[in-house]
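Structure first, then comments.
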Amino acid sequence: MAIHLYDSLERKLKELQPAQPDGVFRFYNCGPTVYAPAHIGNFRTFVINDVLRRLLELEFGKDKVKHVRNLTDVDDRTIGQTQVEKRPLGEITEKWTDLFHADCAALNCLRPHHEPAATGYIKEQVNMIEVLMQKGHAYRAADGSVYFKVSSFADYGRLSRVKERELLVTDATADSDHKNSVSDFALWKAYKPEEDGDVKWPGPRGAAEGRPGWHIECSAMSKALLGDTIDLHTGGEDLEFPHHENEIAQSECCNGVPFSRHWYHSKHLLVDGTTMSKSRGNYYTLGDLTAKGYSAMAVRYALLMGHPRKQLNFTLNSLHAATEALEELALRRQALIQDLKADPSVPPSSRFNGALDALRNDLNVPAALGAIFSQFNQMKPSLGYSREQASADIAALDRVLLVLGVDLPAVLQHLADESAPTEAPTEITALADKRWAAKQAKDFAGADALRKELTAAGWAMLDGKNGYRLERLKG
RNA sequence: GGCGCGGUAGCCAAGUGGUAAGGCCGAGCUCUGCAAAAGCUCUAUUCGGCGGUUCGAUUCCGCCCCGCGCCUCCA
């Protein structure tokens with residue numbers, strides 16, 4: 001079964017295949033703007049793209065996928081942050097890039113093969129703008145900025161059906177600076193000393209010094225790293241318009257060939273049934289969640305619980321469900337291996353092919369998870385489940401979990417860290433010792449009374465054969 | 001106003017023209033003095049409402065109600 005993915009441009013499921021004769025699948029995923037910590041909504045998109053990349057690698061081979069994801073390190077927001085923090089742009093973007101990478105690693109996202117930063121490709125962007133100006137698709141405005149002339153590209157609006165829209169004229173659009181038309185968008189922004197600090201580069205021929213507009217970076221970096229026509233371009237639903245619409249216009253007018261053969265947009269994450277916002281108090285970063293004791297792997301799993309093309313409602317409740325589901329999987333896989341002496345390094349069975357096919361079918365992750373559990377629930381060391389079967393089945397499980405990027409050892413590690421004996425205060429250990437003694441003396445009434453005291457004090461006493469463990473009660 | 005999406009058990013969430021995956025929560029049982037752990041089992045006659053098409057619709061069509069997202073620099 002081949003991989004089929006919904007194409008936002010043609011609005012139908014299409015098979016994914018590399019176009020180039022080298023058989024390498026080229027895909028570009030719009031990355032973060034590094035001016036603040038990324039939130040879990042951002043990560044839903046990146047995790048989905050990570051699963052897609054892993055699936056492509058399974059399908060075409062590990063060395064047959066080229067994944068590029070950019071870092072937007074110069075734009076209104078990053079520059080705005082230099083004013084807030086009173087630090088140079090580079091320091092700020094480096095700081096947030098580092099955190100982004102740490103979060104990605106914790107979420108078990110593979111590093112893209114290339115992660116170009118916009119400031120590293122100024123020359124390529126300037127070149128592209130110059131070509132667009134030469135071809136009459138762009139013009140210099142009075143202040144030295146350069147704008148793309150939307151009316152020069154007949155196909156404009158095909159992706160987002162923008163022509164069918166009534167553009168809402170906001171202050172931002174009405175304040176068209178020096179644009180000839182509200183639809184035109186900036187390719188190059190002339191330097192404004194009062195806003196831009198020392199952020200500026202020499203501009204395209206005939207333009208003022210300044211900085212690139214947002215959209216051009218993806219066009220230029222995609223061209224530089226993947227070529228004029230790529231196999232797939234992805235991003236969050238919000239990027240469909242104007243960002244991707246503008247990218248198509250720039251790239252196709254510059255290169256004269258189709259920009260991307262396939263477009264894919266994942267839907268946004270909702271939190272508590274509505275869009276995330278700081279004022280609503282439903283805005284989470286990965287750090288916010290891990291600080292509450294949840295594992296990053298559980299967050300990844302929770303972000304994968306819904307279909308990528310449907311808004312997913314994330315709640316602390318669903319994160320708890322994710323945590324429990326993952327632990328169940330990890331613990332039972334481990335128990336199977338131990339009980340049956342299974343060896344997962346054998347060739348995989350076909351047991352989880354249904355889950356894999358669900359992924360190949362438009363990245364239906366929730367269906368895949370359902371298939372995983374219903375199959376996994378049948379892997380019981382009861383009647384006739386042999387070591388050989390278990391080995392091959394677990395190998396198959398591991399393969400599909402690898403595609404999902406679900407790292408079970410990390411789950412077990414988190415579990416171990418969590419239940420590591422926490423230092424109990426001496427009065428608690430004294431109570432526990434007393435209870436243990438009472439129990440040994442078969443004074444069960446006394447033991448129960450002491451357990452109650454411990455519970456009231458917030459501690460659970462877990463009896464073993466030869467001793468006990470104390471665990472802090474949650475909540 | 002425009003574009004688009006969705007309403008499936010307490011929560012999250014797949015799905016199909018032929019009669020509802022899965023996870024969480026909850027319940028019962030077994031097993032251990034108790035507790036925990038583990039094991040077993042159960043948990044939507046029903047898919048927002050009303051019509052229509054059909055032998056048959058949650059799945060197709062129409063209308064209505066409700067919710068959500070996006071609409072020039074937010075993944």
Side-chain angles (χ1 to χ4, degrees), chain A residues 11 29-33 38-49 69 72 75-77 150 160-170 172-173 176 179 182-186 189 213-215 234-243 245-246 265-270 273-277 301-302 305-307 309-326 328-329 331-332 335 354-355 358 364-377 380 382 435 439 442-445 447-449 451-452 454-455 460-465 468-469 471:
Chain A
R11 296 180 193 103
N29 169 19
C30 281
T33 300
H39 55 67
I40 56 169
N42 296 313
F43 283 116
R44 159 131 122 134
T45 298
F46 300 132
V47 166
I48 287 166
N49 276 273
R69 185 182 63 208
T72 297
D75 78 324
D76 288 358
R77 289 177 298 162
V150 165
S160 61
R161 303 184 193 180
V162 77
K163 280 177 180 164
E164 297 168 21
R165 297 181 184 214
E166 253 179 48
L167 277 180
L168 199 77
V169 178
T170 63
T173 52
S176 56
K179 289 195 260 188
V182 281
S183 299
D184 292 350
F185 57 90
K189 294 187 155 192
W214 175 38
H215 315 295
T234 67
E237 57 172 326
D238 55 306
L239 298 184
E240 204 163 345
F241 182 84
H243 188 51
E245 197 70 71
N246 293 352
H265 296 92
S266 45
K267 295 287 187 180
H268 278 180
L269 185 75
L270 263 32
T274 186
T275 189
M276 236 185 303
S277 81
Y301 190 101
M305 290 202 307
H307 191 112
R309 283 201 302 112
K310 208 174 145 184
Q311 287 167 346
L312 169 67
N313 188 21
F314 177 95
T315 63
L316 251 25
N317 231 319
S318 62
L319 184 52
H320 176 256
T323 303
E324 294 299 319
L326 268 182
E328 181 75 4
L329 221 42
L331 256 15
R332 281 178 49 201
N364 193 337
V365 187
L369 293 175
I372 286 171
F373 273 93
S374 49
Q375 286 303 127
F376 190 62
N377 288 339
K380 291 181 176 166
S382 49
R435 182 180 162 274
K439 181 183 166 177
K442 307 239 184 247
D443 170 17
F444 295 130
D448 287 352
R451 176 184 287 290
K452 268 190 185 153
L454 282 164
T455 307
M461 184 165 168
L462 308 175
D463 294 357
K465 261 207 166 72
Y468 63 86
R469 250 175 12 167
E471 236 174 56

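Predicted model only: the values in this text are computed from it and were never measured. Below, each value reflects all heavy atoms present in this structure, side chains not excepted, and no hydrogens, waters or symmetry copies. Naming convention: chains lettered A, B, ... in sequence-line order (proteins, then strands); numbering from 1 in each chain.
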Measuring to OP1 and OP2 of [N], would you say a side-chain N or O of [X] lies under 4.0 angstrom away?
| X | N | result |
| --- | --- | --- |
| A/Asn49 | B/rA75 | no |
| A/Thr455 | B/rA35 | no |
| A/Lys310 | B/rG69 | no |
| A/Lys380 | B/rC40 | yes |

Have a look at [X] and say if it touches a base, only the backbone sugar-phosphate, or nothing, with a 4.0 Å heavy-atom cut-off.
| X | result |
| --- | --- |
| A/Arg77 | sugar-phosphate |
| A/Gly213 | nothing |
| A/Thr315 | nothing |
| A/Asn364 | sugar-phosphate |
| A/Thr323 | nothing |

Qualifying residues under side chain to side chain contact (heavy atoms under 4.5 Å, CB included), relative to A/Ala371, sequence neighbours excluded: A/Ala355

Any residue meeting side chain to side chain contact (heavy atoms under 4.5 Å, CB included) with A/His39, in chain and number order, not counting sequence neighbours: A/Asn42, A/Met276, A/Tyr283

With [atom1] as the reference atom in both, quote the distance from [N] to [M] in angstrom, rounded to an integer.
| N | M | atom1 | result |
| --- | --- | --- | --- |
| B/rC42 | B/rC50 | C1' | 35 Å |
| B/rU30 | B/rU45 | P | 28 Å |
| B/rA57 | B/rU8 | C1' | 14 Å |
| B/rU43 | B/rG49 | P | 23 Å |
| B/rG67 | B/rA20 | C1' | 23 Å |
| B/rU19 | B/rU54 | C1' | 14 Å |
| B/rC47 | B/rG7 | C1' | 10 Å |
| B/rA75 | B/rG26 | C1' | 36 Å |

For the pair made of [atom1] in [X] and [atom2] in [N], what is the distance, rounded to whole Å?
| X | N | atom1 | atom2 | result |
| --- | --- | --- | --- | --- |
| A/Met276 | B/rG69 | CE | C1' | 13 Å |
| A/Phe241 | B/rG69 | CZ | P | 20 Å |
| A/Asn313 | B/rG67 | CG | P | 15 Å |

Among A/Asn29, A/Thr45, A/Leu239, the one residue meeting side chain to side chain contact (heavy atoms under 4.5 Å, CB included) with A/Ser266: A/Thr45

Set of ring-ring contact (aromatic ring centres under 6.0 Å, His included) partners for A/Phe314, sequence neighbours left out: none

Anything under 3.5 Å between a protein N or O and an N or O of nucleotides 18-25 of chain B, put it in a table, one pair a line.
unit_1 : atom_1 : unit_2   : atom_2 : d
B/rA21 : N1     : A/Pro366 : O      : 3.4
B/rG23 : OP1    : A/Asn377 : ND2    : 3.0
B/rC24 : O2'    : A/His320 : ND1    : 3.4

Side chain to side chain, A/Tyr301 and A/Leu369, heavy atoms closer than 4.5 Å: yes

Atom pairs, N/O to N/O, protein against nucleotides 28-31 of chain B, distance under 3.5 Å?
none

Plane angle bin for A/Trp214 and A/His243 - parallel if under 30°, tilted between 30 and 60°, otherwise perpendicular: parallel

Watson-Crick or G-U pairs under 3.5 Å in RNA chain B, rendered as dot-bracket with [ ] for crossing pairs and | for another strand: (((((((..(((.....[...))).(((((.......))))).....(((((..]....))))))))))))....

